[in-house]
Amino acid sequence: MAGRLKGKVAVVTAAGQGIGRAIAEAFVAEGATVWATDKDVTLLDGIPKAKKRKLDVLSSKAVNAFAEKVGPVDILVNAAGFVHHGTVLDTDDKAWDFSFDLNVKSMHRTIQAFLPGMLEKGSGSIVNIASGAGSVRGIPNRYAYGATKAAVIGLTKAVAADYIKKGVRANAICPGTIQSPSLDQRIKDLAQATKTTEAAARQAFIDRQPMARLGTAEEIAWLAVYLAADESSYTTGQIHLADGGFAL
Ligand SMILES: NC(=O)c1ccc[n+]([C@@H]2O[C@H](COP(=O)([O-])OP(=O)(O)OC[C@H]3O[C@@H](n4cnc5c(N)ncnc54)[C@H](O)[C@@H]3O)[C@@H](O)[C@H]2O)c1
């Protein structure tokens, strides 16, 4: 299908690679005007037809300036996030604070910046990328990460509840393990840390998935298209698992 987002303006954070990129590309394919943003603007090369802008979501100043430039939008996708590995005893204040700044406060920043424009229009869809790890399921060695993604779900539900009568919807997507450049890096790091091969480290991620395969970023993007589109107009404040049965 094409044209499901025709006439809509979308902002996607962390669109340089992985899930954010697949979402930006799918939105373009469905007819939206897409502002594809990333802190590394060079990664945005090659996304067809999107407006590409550098945006570091750790900076409130940069987010506010960008929102002012873009004006009201219909869709906001918050995809920026970082996976910290470790238990509570492995997580120092710096790692905790960085995880919350990038994974949670970034969404607080972008929603504060773009929500007023949605309220002006009387409509909007916010899609936050959470995770199957967190409040959906406790995963070993994802202490800070799981806490941030649980917070993303709480933030999403709060925004949905506050603006349900104003035409703005907010939903969270909880992906399982998805093939992406940062996953490749995490597999490399894990192999080194545990003195195993990369193939064995990758297999450990695959073994966690009941479908015995990793998901693709496109499989997350299709869900994001649905949540961004008017097809999901009766759906807000929900978590949506695209996790290959991970949470079963
Ligand atoms: N890949 C998975 O298995 C998986 C599973 C569940 C949830 N997620 C979540 O999906 C999201 C995307 O992850 P991914 O693995 O697909 O992509 P990724 O981690 O490979 O790419 C992340 C992108 O974010 C950008 N980025 C990093 N810091 C930024 C900042 N401060 N401002 C703007 N952009 C910044 C990077 O440049 C990069 O392009 C994250 O929120 C992640 O937690 C991923």
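First listed ligand is number 1; within each ligand, the first listed atom is number 1. Values in this document were obtained by computation on a predicted structure and should not be read as measured data.
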- Item | Protein residue, atom and distance nearest to atom 39 (O) of ligand 1, heavy-atom basis | D38 OD2, 2.6 Å
- Message: Once you restrict to heavy atoms under 4.0 Å, what part of A79 touches ligand 1? Side chain, backbone, both or neither.
- Response: backbone
- Query: Under 3.5 Å, N or O to N or O, is D56 touching ligand 1 that way?
  - Reply: yes
- Message: Using a 4.0 Å heavy-atom cut-off, which part of L183 comes near ligand 1: side chain, backbone, both, or neither?
- Response: neither
- Query: Just wondering, are more than 12 heavy atoms of other shown residues or ligands nearer than 6.0 Å to NZ in K121?
  - Reply: yes
- Query: Mind checking whether F82 has an N or O less than 3.5 Å away from an N or O of ligand 1?
  - Reply: no
- Task: Could you check which of N128, I220, I178 puts a non-hydrogen atom nearest to atom 3 (O) of ligand 1?
- Result: I178
- Note on the structure: atom 14 (P) of ligand 1 has as its nearest protein heavy atom S180 OG, 3.7 Å
- Closest non-hydrogen atoms of Q209 and R213, given as atom of the first, atom of the second and distance, are CB-O, 3.4 Å
- Task: Give a yes/no verdict on whether any heavy atom in A130 is under 4.0 Å from an atom of ligand 1.
- Result: yes
- Query: Any idea which part of K149 is under 4.0 Å from ligand 1, heavy-atom wise: side chain, backbone, both or neither?
  - Reply: side chain
- Below 4.0 angstrom from a heavy atom of S182, which ligand 1 atoms are there? Numbered from 1 as shown, please. 15 (O), 18 (P), 19 (O), 20 (O)
- Give the contacting part of L102 toward ligand 1: side chain, backbone, both or neither, where contact means a heavy-atom distance below 4.0 Å. side chain
- Query: Nearest non-hydrogen atom to atom 26 (N) of ligand 1 belongs to which of M107, K39, Q17?
  - Reply: K39
- Task: Report yes or no: does a heavy atom of A22 sit under 4.0 Å from some atom of ligand 1?
- Result: no
